[in-house]
Amino acid sequence: MGRADIIKAEESLKDFLLNEYRVENERAKLLGKYNDIVDTNKYRRLTIAFNDESETLYILVQIAAYSAIFDVNEGKKIEGGMPVEDTRLIESWISMKNNKDILKNLSKRRNYSEKYIELRPFDND
């Protein structure tokens, strides 16, 4: 638990997003549609906050100016405003068993100030 779980979450999210956009971006480049290339930089400093007052694990995900609450067990958005594409990606990522386990481990952190976690999947590129 701790920093190792944050690194696992960042690496998992980065790999997932790159794999999701790889084919789309390659197709756009081949067709010369450079405006259609997805810029993954919007996922820099993606933030996650955990609830600690319920048996159900909810996380608040913020991407740029958008935020939404997701039920980790269900892998679904339950509230908030976020573009459909980002919602779909976060739901898919959360639904993977390894990622659920990582999020559950991160949510068990005892220090209140550590309940707000900033993932930086693309900051080292």
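- No side-chain heavy atom of I94 sits under 4.5 Å from any side-chain heavy atom of E91.
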Hey, mind stepping through L57 and D71 against side-chain contact (heavy atoms from CB on, under 4.5 Å) and telling me if it holds? CA-CA 6 Å; L57 177 58; D71 179 327; over 6 Å; no

Worked check of side-chain contact (heavy atoms from CB on, under 4.5 Å) between Y58 and V72: CA-CA 6 Å; Y58 298 112; V72 173; over 6 Å; no

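- With a 4.5 Å cut-off on side-chain heavy atoms, K8 and D5 count as touching.
- Under the 4.5 Å side-chain criterion, counting only non-hydrogen atoms from C-beta, E85 is in contact with R88.
- How far NZ of K97 is from CD1 of I102: 10.5 Å, rounded to the nearest 0.5 Å.
- For the pair F16 and L89, the tightest heavy-atom approach, listed with the atom from each and the gap, is CE2-O, 3.3 Å.
- Contact annotation: the side chain of L60 never approaches that of I48 to less than 4.5 Å [non-hydrogen atoms, C-beta and beyond].
- Side-chain atoms of D101 and L103, non-hydrogen and from C-beta on, never get closer than 4.5 Å to each other.
- Atom CG of D15 and atom CZ of R22 lie 8.5 Å apart (nearest 0.5 Å).
- The shortest side-chain heavy-atom distance between F70 and I78 does not fall under the 4.5 Å cut-off.
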Stepwise, does the side-chain contact (heavy atoms from CB on, under 4.5 Å) test hold for I59 with I69? CA-CA 6 Å; I59 59 171; I69 297 173; over 6 Å; no

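- Between the side chains of S67 and Q62, no donor-acceptor pair of N or O atoms lies under 3.5 Å.
- Residue K100 holds its NZ atom at 7.5 Å from CD of E74, rounded to the nearest 0.5 Å.
- A salt bridge links K42 with D86; the closest basic N to acidic carboxylate O contact falls under 4.0 Å.
- At a threshold of 4.5 Å between non-hydrogen side-chain atoms, the residues K104 and N73 count as touching.
- Using a 4.5 Å heavy-atom cutoff, the side chains of N99 and L13 are not in contact.
- Shown here for S12 and W93, the closest heavy-atom pair between the two residues is OG-NE1, 3.0 Å.
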